[in-house]
Amino acid sequence: MDEKALRGLIAEVKDGKLSRRSFVQQMVALGLTGPMAAQMLTFSGVPASAATQEKISYKPTKRGGGGALRVLWWQGPTLLNPHFAVGTKDQDGSRLFYEPLAGWDQDGNLRPLLAESIPGREDGTLSADGKSVTWKLKKNVKWHDGQPFTADDLVFNWQYSRDPATAAVTSGVYTDITVEKVDSHTVTVKFKEPTPFWAEAFVGAAGMIIPKHLFAEYIGGKSREAPTNLKPVGTGPYMFKDFKPGDMVAGIINPNYHQDNRPYFDAIEMKGGGDAVSAARAVLQTGEFDFGWNMQVEDEILTRLEKGGKGRVVINNAGFIEHIQLNQTDPWTEVDGERASLKTKHPTLGDPAVRQALALLIDKDSVEKHIYGRTGRASANFIYNPERFASKNTKYEFNVDKAIDVLEKAGWKKGADGIREKDGKKLKYLYQTSINQPRQKTQALVKQACQKAGIDIELKSVTASVFFSSDVSNPDTYPHFYSDLQMYNNGPQQPDPAVFLRQFCSWEAATKANKWQGRNITRWQNKEYDEIFKAAQGELDPVKRAAMMIKMNDMVVNNHIVIPVVARPVVSAVSNKLVVELTGWDNNTWDLANWYREA
């Protein structure tokens, strides 16, 4: 579809001749995601009223009365400050209490939460040059302690996150912007350059807002000392009751919540621990819980459990990818009191031939067929959704003989113990992941293939609550990456891949200095990648920008900095009586205020 035809369709939406839903469906057919289509309409001046998503009808006619909502996160939250949330579990836990200005629904539309409305071109709140966006805040919103929610809170969150001494995970969102208070309930976000994806700061998973009056004394170096890190005071549908890190989060109904007749439930308990299979059983078969997060369970087991009749499996398409990371630093050498320091290089994974051989030894098709089924498909790309960003320049192949040939030609010869070596260095690796049956089965497949090629693999499985912990003193967390290889799943929680691709930028490296809060876990340093990323941030031409995203994907995949394994949708277990709207573009708990139970 050319530009003229595209503008014609947008004009039809403006004139009411074409429904927004039909426009989005046509764009999805062309390879865009719903969110990108929605952003296109907004940037083209389609009034907010024409961009309202029809959502699930909310039936309760009063606040409360629904009893307790019991949800199960088999990796329990370990902290409740969204600016320090290194994993989905911490973000989801924080979202019980904190809210952003807006969230992303299942079709990728922005839905206002703490914002009065979504910015748009028609009222001037979204600038035509892409360099500013103005947010108008809801009035009469109060924090759980009764203090008013105002523009000062947004300005503070910007200052808090961008301060390097705070060491916030969200710093990448706020560092290069300026947030200005217009009045008590209006702020303007200004960008240094034209910014095609403006809905990042204060939006979605990275946009939850904390109260200035409780955190102002703890900005910078004192950030980890704030009592409210573990006892949140937010604006959300539930107020804090109790928290046992890694085990349980409990909340009670917010009687002054800013949405009428919400929430339906009187209390919420988010239980942590256990494993994915037990969580699936507790929702689908026994009905002990209403909702189960992240069903990383073999599809055969899920299908069997669904026959229990208590719940259903809900699958939402997204951009999550189960992948193996190759450490670019040396996790076995300590420099200035830091392992895996940027001052070191990995002794063997620095060889491109070794990385290529490892990629050839991952049997992705078997992982899909025998382990994940409908919940994971083999992928050559790290970025695969939306389709327009899926590179055609990558491919995957499982070929042990070819891997052996690559190693032989690179001079890696088998020693007396059968392990390949060169210049006194052996191909011996520690391969870690979290304890989870599909992951252990994937590890076993990789180990078996590597042994055939003369690569020795030691497997390490870390309790999920530890592996995904935000504890900066725990060496077994994935941001520390004190192993040679590690595997887990992550993906963009906003519908623009640039946010996700930031994790390979040099300045995002997870280090001791930033308390391992940087997004670049592999610690890969590449000037060309950095420059392309910076250029893409200001590129308003969608075709040129897509080409840049594809180039960045190709660099990390074809250089084997990461090895994509399977593309994973969001898989949840939901009670048959629970009414929820889930999305692949935001937190699992993004729409928690609207959850209710049918009679």
Side-chain angles (χ1 to χ4, degrees), residues 68-98 169 205 208 228-232 234 236-252 265 267-297 302 305 311 314 320 433-440 461-474 476-479 488-490 493 570-575 578 580 582 586-590 592 595:
L69 173 65
R70 302 191 72 213
V71 298
L72 190 55
W73 261 245
W74 50 275
Q75 294 168 13
T78 53
L79 55 76
L80 297 174
N81 181 331
H83 288 291
F84 301 148
V86 297
T88 306
K89 59 183 178 51
D90 294 326
Q91 291 176 343
D92 288 350
S94 297
R95 198 70 170 259
L96 304 188
F97 311 108
Y98 295 114
V169 174
M208 285 177 268
T228 319
N229 286 340
L230 300 177
K231 296 181 178 180
Y238 297 98
M239 301 190 302
F240 177 78
K241 180 182 178 182
D242 194 13
F243 178 42
K244 297 176 182 177
D247 178 43
M248 179 273 295
V249 183
I252 58 174
F265 295 100
I268 183 169
E269 179 185 339
M270 176 183 279
K271 187 75 175 81
D275 56 70
V277 174
S278 298
R281 183 177 295 110
V283 177
L284 303 174
Q285 189 175 65
T286 68
E288 297 172 68
F289 286 84
D290 299 295
F291 179 87
W293 162 83
N294 189 17
M295 293 294 98
Q296 190 169 358
V297 178
L302 287 176
L305 292 175
V314 176
F320 291 95
T433 188
S434 63
I435 294 178
N436 174 285
Q437 191 173 25
R439 286 189 173 135
Q440 269 67 79
S461 301
V462 183
T463 302
S465 60
V466 173
F467 189 69
F468 294 104
S469 169
S470 303
D471 184 355
V472 298
S473 64
N474 195 320
D476 285 331
T477 67
Y478 78 91
Y488 59 94
N489 171 58
N490 69 351
Q493 285 195 301
V570 177
V571 183
S572 309
V574 183
S575 165
L578 186 66
V580 301
L582 303 174
D586 206 329
N587 293 120
N588 294 274
T589 46
W590 82 282
L592 188 62
W595 289 19

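Because the structure is predicted, anything quoted here is derived from the model rather than measured. Only this structure's heavy atoms are used, side chains among them; waters, hydrogens and symmetry mates stay out.
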S.K.: Show, in sequence, the C-alpha distance, side-chain angles and deciding distance for Val249 and Leu96, and conclude whether the side chain to side chain contact (heavy atoms under 4.5 Å, CB included) test is met.
M.R.: CA-CA 9 Å; Val249 183; Leu96 304 188; 3.9 Å; yes
S.K.: Indicate the atoms forming the closest heavy-atom contact of Asn587 with Ala205, along with that distance.
M.R.: OD1-CA, 3.4 Å
S.K.: For a quick test of reading the model, state the closest non-hydrogen atom pair linking Ser469 to Thr477 and the distance between them.
M.R.: O-CG2, 3.6 Å
S.K.: If you define the side chain from C-beta out and look only at heavy atoms, does anything of Val283 sit under 4.5 Å from Met295?
M.R.: no
S.K.: Is the backbone of Asp92 close enough, under 3.5 Å, to the side chain of Thr589 for a donor and an acceptor to pair up by distance?
M.R.: yes
S.K.: Report yes if some heavy atom in the side chain of Val314 is under 4.5 Å from a heavy atom in the side chain of Val571; otherwise report no.
M.R.: no
S.K.: Just wondering, do Met208 and Gln91 contact through their side chains at under 4.5 Å, heavy atoms?
M.R.: yes
S.K.: Flag the pair Val71 / Lys271 as yes when at least one side-chain heavy-atom distance between them is below 4.5 Å, and no otherwise.
M.R.: no
S.K.: If we check side-chain hydrogen bond (donor to acceptor under 3.5 Å, both in side chains) with Asn81, which of these qualifies: Thr228, Asp90, Asn229?
M.R.: Asn229
S.K.: For residues Ala280 and Val297, report the shortest heavy-atom separation together with the two atoms involved.
M.R.: CB-CG2, 4.4 Å
S.K.: Working to the nearest 0.5 Å, report the span between CG of Leu305 and CD of Gln285.
M.R.: 5.0 Å
S.K.: Quick check: closest heavy atoms across Arg70 and Glu288, and the distance to 0.1 Å?
M.R.: NH1-O, 3.2 Å
S.K.: As an exercise, state the distance from OH of Tyr478 to CZ of Phe467, rounded to the nearest 0.5 Å.
M.R.: 8.5 Å
S.K.: Do Asp275 and Ser278 pair up side chain to side chain, a donor and an acceptor below 3.5 Å, judged on atom types alone?
M.R.: yes
S.K.: Could you give the distance from CG (Leu284) to OG (Ser575), rounded to the nearest 0.5 Å?
M.R.: 9.5 Å
S.K.: Search all heavy atoms of Val169 against all heavy atoms of Ala85 and return the closest pair with its distance.
M.R.: CG1-O, 3.8 Å
S.K.: Mind telling me whether Trp74 and Trp293 have parallel, tilted or perpendicular rings, with 30° and 60° as the class edges?
M.R.: tilted
S.K.: Is any side-chain heavy atom of Asn474 closer than 4.5 Å to one of Val466?
M.R.: yes
S.K.: Taking Arg95 for its side chain and Asn588 for its backbone only, find out whether a donor-acceptor pair lies under 3.5 Å.
M.R.: no
S.K.: Between the main-chain N or O of Leu69 and the side-chain N or O of Asp290, is there a donor-acceptor pair closer than 3.5 Å?
M.R.: no
S.K.: Taking C-beta and beyond as the side chain, do Gln75 and Thr88 meet within less than 4.5 Å on heavy atoms?
M.R.: no
S.K.: Short question: side chain of Gln440, backbone of Ser434 - any donor-acceptor pair under 3.5 Å?
M.R.: yes
S.K.: So which pairs with a foot in residues 272-291 pass ring-ring contact (aromatic ring centres under 6.0 Å, His included), sequence neighbours left out?
M.R.: Trp73-Phe291, Phe291-Trp595
S.K.: Indicate whether the side chain of Ser473 and that of Asp471 have a donor and an acceptor atom separated by less than 3.5 Å.
M.R.: yes
S.K.: So Glu269 and Met248, do their side chains get closer than 4.5 Å, heavy atoms only?
M.R.: yes
S.K.: Output the distance between atom OG1 (Thr78) and atom CG (Leu230), rounded to the nearest 0.5 Å.
M.R.: 9.5 Å
S.K.: Nearest 0.5 Å, please: how far is CG in Asp242 from CD1 in Ile252?
M.R.: 11.5 Å
S.K.: Indicate the atoms forming the closest heavy-atom contact of Lys89 with Pro77, along with that distance.
M.R.: O-CG, 3.4 Å
S.K.: Ring centroid separation for Tyr238 and Phe97, is it under 6.0 angstrom?
M.R.: no
